[in-house]
Number of protein chains: 2
Amino acid sequence: MNDETHSRPARSNRSGGRAARHAARAAKLSDDMRPVRAGMTGGRYKPLSDTDVLKIHEAALTALETIGLADAPPTGVEILTNAGAILGDDGRIRFPRALVEDMLAIACKDLTLHGRDPVHDLDLSGQRVHYGTAGAAVNMVDVQGNEYRDSTLQDLHDAARIADKLDNIHFLQRPMVARDIADNLEMDLNTIYACCSGTTKHVGTSISDPSHAAECLEIAYTIAGGEDKYRERPFVSMSNCFVVPPMKFATESCEAMEICVRGGMPVLLLSAGMSGATAPSTIAGAIVQACAECLAGIVYVNAIAPGHPAIFGTWPFDLDLRTGAMTVGSGEQALLTSGCAQMHAFYGIPGGATGGAADSKMPDMQAGWEQMCTNVLAGTSGCNMIYEAAGMHASLLGFCHESLILSDDLIGQALRCVRGIEVDDETLALDQMREVCIGTADAPGVGHYLGTDRTLSHMERDRIYPTLGNRMSPKEWAEKDKPDLIENAIARKEQILATRAAARFEPELDAEIRARFNIHLPA
Amino acid sequence: MNDETHSRPARSNRSGGRAARHAARAAKLSDDMRPVRAGMTGGRYKPLSDTDVLKIHEAALTALETIGLADAPPTGVEILTNAGAILGDDGRIRFPRALVEDMLAIACKDLTLHGRDPVHDLDLSGQRVHYGTAGAAVNMVDVQGNEYRDSTLQDLHDAARIADKLDNIHFLQRPMVARDIADNLEMDLNTIYACCSGTTKHVGTSISDPSHAAECLEIAYTIAGGEDKYRERPFVSMSNCFVVPPMKFATESCEAMEICVRGGMPVLLLSAGMSGATAPSTIAGAIVQACAECLAGIVYVNAIAPGHPAIFGTWPFDLDLRTGAMTVGSGEQALLTSGCAQMHAFYGIPGGATGGAADSKMPDMQAGWEQMCTNVLAGTSGCNMIYEAAGMHASLLGFCHESLILSDDLIGQALRCVRGIEVDDETLALDQMREVCIGTADAPGVGHYLGTDRTLSHMERDRIYPTLGNRMSPKEWAEKDKPDLIENAIARKEQILATRAAARFEPELDAEIRARFNIHLPA
């Protein structure tokens, strides 16, 4: 952009042209004028009819009432049976539908997931849509070397630092495992440290063992400056695989969840069935089972602490039935996820599902179509939390920094679709059409819309422009040495990682944390 | 796949495992059991509310009534004013709303677009979805050389031959211009020859000048074996840019259209405004104008020949307002296209729009996300004809054979989304869930769904598997020398082009055509 300006911004319909456009762009837009943002409302894509939604709900209630869930820990059995669930001779806990309905009534509806910086708070009410990372990849994708290697704590921290800089990545759930830390407790603690010191956005993490829960809460309290401060604005939530589908509680995870709920930590109730293996092979059936399991989770959490912040985490994954391998980049996956999102809206409670992960090993064309398919359908279906939306490859086995960076563009376009089409007298544009086509006796129509008020004044508000996505003509592209998408993503990564992380803890706090916990990242 | 089989296919719930899956796959599926196909019904994505649809319709009628269209040819003025349109002193033709409504009532609704082979006939009734190529690219994308070069007649013919082999490419509208033919009439004739001799799917073409129309009809009649045979099953349609937005008829194109309509050729009424330049910059406004223009086209065609097969071709394109360059891979484009599709459904007439083109110069990650975004939203919005859905790059300036091949996978996944979620007693899977989780006293549940009847019997019907898309684990991927998506697409292209084109004309017919027209392709 050059810096030529008019002394007064050109707003006349007749002025048009380059200079006016430049002037319009020179005015810095306030945040509320950005074309897309976190928390826009989706829901115009409804893969299920209203009748289908009721059938799925009814089937889930029947499953809870007649099949129930096995393997609750003794504490869970007590909590659930005290609430009204029934322990059968077969060890399965069954849920009368009245109990489920009562718990849905008191469940947390208007959940805010806090960022360490309030500017990143996420409002999960209604069908507001947010995109972020998640997962437990064990590999880092080395794009330059075209290979996979073990992921490390530094990789995780770098992912957090990159996500912190990307407008369309709204939260950071731990996307990969720090495999360079042998001790599991130290891994859990360092994961929280590496994420929170890399971004002030909301952080999700997992706690691998109930015996780690107290210390994980402790490090979160410490970062917050005390338990009371954390409880006021809990910026770290727990991603909890509380079930082992089909229809079994994950005993230890439930124990960890109980501690975290009591410790004031929001919880993602994550049911990760695989359609065709641990969940029915039909899309409808996988959604039924995921809903049944998450409803059991809602009863569990609300029986411990009524209204405790919990996310309905129906994450059914797709399976390639030819090979038995997981697949997350398929059309079936997009249907699983968006069908679940419609159930969340039906229940009126905050929900999340997987979206935007690729099966492809590298950030290639396949990765692009896979990531967009689930991301745009999950968004337009109004999913509150779209997890694994960025950077995820190899059916969740690899995480890629360059792909994370490119996802910011990809998700930006998906968000534009979520924002949808505004229809009102101004946008219908009849006046503009008349002016441009006919005009007046003094000023006949110019025959194009380049210089109209609306075009000029809304060019930044109505449209989202890619950062690395390339829209040049072939001629310009050749003249500019054929910019390469991946090379540019690498350069952007290096640029971000070369700067001091804005989210870094103040030295005093950092010293306090390091005194209490064995932090593996260099100070 | 190995060839181990059971003497009797394993169908028992308990057998499960590899052998049973292999046996199930060995049974060849009939066409109606394929997971996706042409003409599946979309429409579950509705970017517009019902009120919005009515507002857009109302605005389009008002635009036709008060602004009207300029530049109709004298023949068109006569046709339109005879039908009830009003020629103003300003030379613009205005359309009373009763006229528009009357013509909508008699317009062709249940249109079949024929293939030269009836197996490729396309039923455009309701919200049945079809994907195909289109455009007028002037460059061929050379993936191996990372460059653009002039497109040729051979490139076009090769594109037809490739499209012929791809299940998820349902029609071939001419995607690129044969720049090696200097004479425009010869170009038009050779375009029809190159397309029809490459594929037996429906072919769309454009006719650049009214003086070419008679000969273009003639070559189509010749290929059909006579005018009567062609009129019975018109397998070539005319893509006609009958307007120059905003709200002007394209005088010569209208003249060509009149001839083709009288000659029995189905016509795509193509309004290709650019939102922000030749159409309003707002998405709603661009849709209004496109609808107004296409409604004028519907009046025009039906005034010539009531019920003549015509496609409502609202093709508003997006513009990058920073640079004034066209962009077709944006979220805004997906909204333009799917909003138009919803209007087609409202009018109840067959419609088409642009979808699936990329701004990216090469088949990279950007191309993947751009192509999927518009393709999957256009499909789920129920667009009858999704044009430019495959192979299109550089904002329509380049066509790429490798990308066309990869689009077959991409569109396959989009079609799976169009198919949607079946909800019935079987798919809800309560019986399966009970059997797997609990079972009976004699046969307790196995705890997984791998071997259930539904999983085994529907593994090919319920899921679509990619051809070149790679779902390997990182380990397998490394062991198999890291298959590269683009290299595999190149190999597939070479394999297709090394075989004799199945669509080639019989020698006698070919000789007849070559005797009458100057065909530039070698015999």
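The chains referred to below are lettered A, B, ... by the order of the sequence lines, with proteins before strands, and numbering in each begins at 1.
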Minimal heavy-atom distance between Pro280(A) and Met433(B), with the atoms involved, is CG-CE, 4.3 Å
Under 4.5 Å to a heavy atom of chain B? For Lys482(A) that would be side chain
State whether the side chain of Arg463(A) and the backbone N or O of Ser281(B) hold a donor-acceptor pair below 3.5 Å, judged by distance alone.
-> yes
When the 4.5 angstrom heavy-atom criterion is applied to Ala478(A) and chain B, the contacting part is neither
The complete set of salt bridge (charged side-chain N to carboxylate O under 4.0 Å, His left out) pairs with one or both residues in residues 360-375 of chain B, sequence neighbours excluded, reads none
Test your reading of the model: is there a side-chain donor-acceptor pair from Glu460(A) to the backbone of Arg322(B), 3.5 Å cut-off? no
The interface call for Gln371(A) against chain B, heavy-atom contacts under 4.5 Å, is side chain
Under 4.5 Å to a heavy atom of chain B? For Thr427(A) that would be both
Bottom line for Glu58(A): the part with an atom under 4.5 Å from chain B's heavy atoms is neither
dist Trp477(B):CH2 -> Asp359(A):CG (nearest 0.5 Å) comes out at 14.0 Å
Rounding to 0.5 Å, atoms OG1 (Thr278(A)) and OH (Tyr449(B)) come to a distance of 8.5 Å
The interface call for Asn146(A) against chain B, heavy-atom contacts under 4.5 Å, is both
Bottom line for Leu415(A): the part with an atom under 4.5 Å from chain B's heavy atoms is neither
Bottom line for Ile438(A): the part with an atom under 4.5 Å from chain B's heavy atoms is side chain
*Between Arg44(B) and Ser338(A), is any side-chain donor less than 3.5 angstrom from a side-chain acceptor?*
no
Checklist line | Side chains of Glu332(A) and Ile464(B) in contact at under 4.5 Å (non-hydrogen atoms) | finding: yes
Set out, in order, the CA-CA distance, both residues' side-chain angles and the distance that settles side-chain contact (heavy atoms from CB on, under 4.5 Å) for Asp409(B) and Trp369(A), then state yes or no. CA-CA 10 Å; Asp409(B) 266 0; Trp369(A) 82 60; 3.7 Å; yes
Honestly, the part of Leu428(A) sitting under 4.5 Å from a heavy atom of chain B is both
